[in-house]
Amino acid sequence: MGKARSVGIGMDYSATSKSALRWAVDNLIEEGDRIILIHVEPPKATNTRKQLFEETGSPLIPLEEFAETNVSKQYGLTSDPEVLDILDTVSRTKGAKVVAKVYWGDPREKLCDAVQDLKLDSLVVGSRGLGLIKSVSNYVVTNASCPVTVVKSTPSSKP
């Protein structure tokens, strides 16, 4: 086993971001790695935590806390049982350390900021096939300072 890595996964709870999470767990995550679920909320979002952490993003939220519905709501997120189950399973089976971080703003810019802030070794994002102009994944592949894996949507994972 090599050095434990920090792997970011862009998460917006869409079918494609869930596919990206599953792909990362099945193909990339090794024992002891750290998974950071990265959420980017719209800049106009209003919730209690945004006022505190809008500039820097939230502190890292451990899986145990993030799984609590009231904690997710404080950050303006909806709890997703499927995502939590995948994360709980990889935590138990591979010993991965799972945390979440929330940013507010443009997802393209904030995902690239996260690479720097969190010193990610790799980033995994889903692709909705929106074309080059609107594509978050294309922007991140072009501008992120770490390797980026884009998991394309399949017919069964289209939103």
Side-chain angles (χ1 to χ4, degrees), residues 5-31 33-54 56-115 117-118 120 122-130 134-137 139-140 144 148-159:
R5 300 165 299 162
S6 289
V7 178
I9 301 172
M11 177 56 60
D12 64 3
Y13 298 114
S14 65
T16 54
S17 69
K18 290 179 187 182
S19 291
L21 173 61
R22 280 191 288 280
W23 183 89
V25 166
D26 292 343
N27 298 289
L28 187 62
I29 303 301
E30 296 176 354
E31 186 175 334
D33 284 349
R34 179 169 75 156
I35 298 172
I36 305 173
L37 219 57
I38 303 167
H39 300 272
V40 181
E41 291 294 294
K44 293 180 181 175
T46 57
N47 56 63
T48 57
R49 299 295 181 185
K50 178 186 176 193
Q51 295 169 1
L52 294 171
F53 305 116
E54 186 171 14
T56 61
S58 72
L60 294 177
I61 310 163
L63 176 60
E64 300 77 28
E65 288 181 35
F66 185 69
E68 295 177 18
T69 305
N70 63 333
V71 173
S72 292
K73 283 184 181 177
Q74 290 176 356
Y75 290 97
L77 305 174
T78 306
S79 187
D80 187 297
E82 180 184 4
V83 169
L84 293 174
D85 183 54
I86 293 167
L87 294 170
D88 181 59
T89 300
V90 73
S91 176
R92 286 183 290 104
T93 60
K94 295 187 179 182
K97 294 165 186 59
V98 180
V99 295
K101 186 161 177 91
V102 182
Y103 291 93
W104 290 268
D106 182 325
R108 296 171 295 188
E109 293 171 8
K110 293 301 179 178
L111 285 168
C112 290
D113 290 348
V115 169
D117 295 345
L118 303 169
L120 296 178
S122 181
L123 177 64
V124 180
V125 295
S127 172
R128 293 184 183 169
L130 297 176
K134 294 182 182 178
S135 175
V136 170
S137 57
Y139 183 91
V140 173
V148 177
T149 301
V150 178
V151 179
K152 290 185 176 184
S153 62
T154 60
S156 62
S157 69
K158 292 245 182 199

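The residues of the chain are indexed from 1 along the displayed sequence.
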Using 0.5 Å steps for rounding, measure from the [atom1] atom of [X] to the [atom2] atom of [Y].
X     : Y     : atom1 : atom2 : answer
Thr78 : Asp12 : OG1   : CG    : 11.5 Å
Ile29 : Arg5  : CD1   : CZ    : 6.5 Å
Ser91 : Leu84 : OG    : CG    : 11.5 Å
Leu21 : Thr16 : CG    : OG1   : 11.5 Å

Looking only at non-hydrogen atoms, find the nearest pair between [X] and [Y] and report the distance.
X      : Y      : answer
Asp33  : Leu28  : OD2-O, 3.9 Å
Cys112 : Val140 : SG-CA, 4.1 Å
Gly126 : Ala20  : N-CB, 3.7 Å
Leu111 : Gly10  : CD2-CA, 4.2 Å
Lys94  : Val25  : NZ-O, 2.6 Å
Ser137 : Val125 : CB-CG2, 3.9 Å

Those residues that, when tested against [X], pass side chain to side chain donor-acceptor pair (under 3.5 Å) (two or more places apart):
X      : result
Glu82  : Lys18, Arg22
Ser6   : Arg34
Asp113 : none
Asp88  : Arg92

N/O donor-acceptor pairs under 3.5 Å from side chains in residues 60-71, not counting sequence neighbours:
none

Fill in: side-chain hydrogen bond (donor to acceptor under 3.5 Å, both in side chains) contacts in which one or both residues fall within residues 96-107, not counting sequence neighbours
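Qualifying pairs, neighbours excluded: Tyr103-Asp117, Asp106-Arg108.
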Worksheet item: Please walk me through it: do Val83 and Leu37 pass side chain to side chain contact (heavy atoms under 4.5 Å, CB included)?
Response: CA-CA 10 Å; Val83 169; Leu37 219 57; 4.0 Å; yes
Test item: [X] side-chain N/O and [Y] main-chain N/O as donor-acceptor pair under 3.5 Å:
X      : Y      : result
Ser17  : Tyr13  : yes
Ser58  : Val102 : yes
Lys110 : Ile38  : no

